[in-house]
2 protein chains.
Amino acid sequence: MANTESLENVVLELRRGVITLAALSQLGTEQYGYSLLKQLSDLGLEVDQGTLYPLLRRLEAQGLLVSVWKLEEARPRRYYIISAEGKKILPKMKKEWAGIVSVMDKMLA
Amino acid sequence: MANTESLENVVLELRRGVITLAALSQLGTEQYGYSLLKQLSDLGLEVDQGTLYPLLRRLEAQGLLVSVWKLEEARPRRYYIISAEGKKILPKMKKEWAGIVSVMDKMLA
DNA sequence: TTGACATACTGTGCTTCACACAGTATAATG
DNA sequence: CATTATACTGTGTGAAGCACAGTATGTCAA
């Protein structure tokens, strides 16, 4: 049945678009990959490890995040936090998101 | 500058996830590709031809849409309309969308 | 009537990226 | 001491939007 499959596909696509924004918005305070993963899932956004870690690296490569290894703790963790550039972009992203939500509100009304 | 580039990327991704839902939601009434394109853009969702036409074909292949050629009009047009299966799935998609929106509300608060 | 523009659809190739899957390794818990 | 949670890295693949290109008809003004 293509039924559930199509639904899942669309849900994946919907979530996909949102992950970057979600991650960036949560990194106003320092976090490492695994803790961010847990936090996102606590808030209701299930993300795969294989999705989040590459995303974090990508965002760092784009200059929206910075990261540091911390070795003092229980075990080595790579902490990420939003960069100055990320801080500039984030509100713009939020605005774009709000725009899309309002467009969809009209459509689904 | 990676700045504007990153922003555009994210915006593209955000919009990307939403296009399927948008298209499907508008095809409660019969439309052909070009008219749907115009309608989406009127409502504020700019979609490329090279994105929409393949999407319509894909949705038809998945059984969520049905299409017919109409030759009587000014020029041949392929009309799409939501299928019975599409009608079953659409409300579920809307629900998923609402869920994502509410999750993002929490995150961006 | 001819040139420009809007309309309307098709097709190819590229790039990006989430996800699946696999692997490594350490802490904590019982 | 074994199992589970923690924490990160890496490869391969498939899906899909988009850029780009192409075809062709209508409409309307100069």
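Lettering of chains follows the sequences in order, A, B, ..., and the numbering in each one begins at 1.
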query: Should B/Leu24 and B/Leu65 be marked as a side-chain contact (heavy atoms from CB on, under 4.5 Å) after you check the CA-CA gap, both sets of side-chain angles, and the distance that decides it?
result: CA-CA 8 Å; B/Leu24 210 56; B/Leu65 297 179; 3.6 Å; yes
- prompt: What's the shortest heavy-atom distance between B/Ser41 and B/Glu46, and which atoms?
  reply: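 Scanning both residues completely, I find the closest heavy atoms to be CB-OE2, 3.3 Å.
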query: If you take all heavy atoms of B/Leu56 and B/Gly33, which pair is closest and at what distance?
result: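 Residues B/Leu56 and B/Gly33, closest heavy atoms: CD1-CA, 3.9 Å.
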Rounded to whole angstrom units, what separation is found between the [atom1] atom of [X] and the [atom2] atom of [N]?
X: A/Leu36; N: D/dC8; atom1: CG; atom2: P; result: 10 Å
X: A/Glu73; N: D/dC8; atom1: CD; atom2: P; result: 10 Å
X: B/Gln31; N: C/dT7; atom1: CD; atom2: P; result: 14 Å
X: B/Trp69; N: D/dT25; atom1: CH2; atom2: P; result: 13 Å
X: A/Leu71; N: C/dT26; atom1: CG; atom2: P; result: 14 Å
X: B/Glu8; N: D/dG17; atom1: CD; atom2: P; result: 18 Å
X: B/Leu56; N: D/dG17; atom1: CG; atom2: P; result: 11 Å
X: A/Gln49; N: C/dA25; atom1: CD; atom2: P; result: 16 Å

field: Modelled atom types, side-chain donor and acceptor of A/Gln26 and A/Gln39, under 3.5 Å
entry: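 Yes - a donor-acceptor pair under 3.5 Å links their side chains.
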Given [options], identify the nucleotide with an atom nearest to the side chain of [X].
X: A/Tyr34; options: D/dT6, D/dT27, D/dT9; answer: D/dT6
X: A/Arg78; options: D/dC18, D/dC8, C/dC9; answer: D/dC8
X: A/Arg75; options: C/dC9, D/dT9, D/dA5; answer: D/dA5
X: A/Arg57; options: D/dG17, D/dT9, C/dT10; answer: D/dT9

- prompt: For DNA chain D, whose closest nucleotide is more 5', that of B/Gly17 or that of A/Tyr53?
  reply: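 In this pair, the answer is A/Tyr53.
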Pairwise N/O distances under 3.5 Å, protein to nucleotides 14-16 of chain D:
unit_1 : atom_1 : unit_2  : atom_2 : d
D/dA16 : O4'    : B/Arg16 : NH2    : 3.4

query: Under 4.0 angstrom, heavy atoms only, what part of the nucleic acid is A/Leu12 near: base, sugar-phosphate, or nothing?
result: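 Sugar-phosphate, no base atom in range.
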message: Taking any heavy-atom pair under 4.0 Å as a contact, classify B/Gly33: base, sugar-phosphate, or nothing.
response: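 Counting heavy atoms under 4.0 Å across all strands, the contact made by B/Gly33 is with sugar-phosphate only.
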- request: Name the residue closer to the 5' end of DNA chain C, choosing between A/Pro76 and A/Arg15 according to the nucleotide with the nearest heavy atom.
  value: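 Whichever sits nearer the 5' end wins; that is A/Arg15.
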Can you give the donor-acceptor pairs under 3.5 Å from side chains of residues 94-109 of chain A to other protein atoms, not counting sequence neighbours?
unit_1   : atom_1 : unit_2  : atom_2 : d
A/Ser102 : OG     : A/Gly99 : O      : 3.2
A/Lys106 : NZ     : B/Leu43 : O      : 3.3

query: Is the phosphate of D/dA5, meaning OP1 or OP2, less than 4.0 Å from a side-chain N or O of A/Lys38?
result: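 The answer is no; no side-chain N or O of A/Lys38 sits under 4.0 Å from OP1 or OP2.
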field: Residues forming a ring-ring contact (aromatic ring centres under 6.0 Å, His included) with A/Tyr79, sequence neighbours excluded
entry: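 Checked A/Tyr79 against ring-ring contact (aromatic ring centres under 6.0 Å, His included); matches are A/Tyr32.
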query: Judged by atom type as modelled, is there a donor-acceptor pair below 3.5 Å linking the side chain of A/Glu60 to the main-chain atoms of A/Ser67?
result: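 Yes, the answer is positive, given that a donor and an acceptor are paired below the 3.5 Å cut-off.
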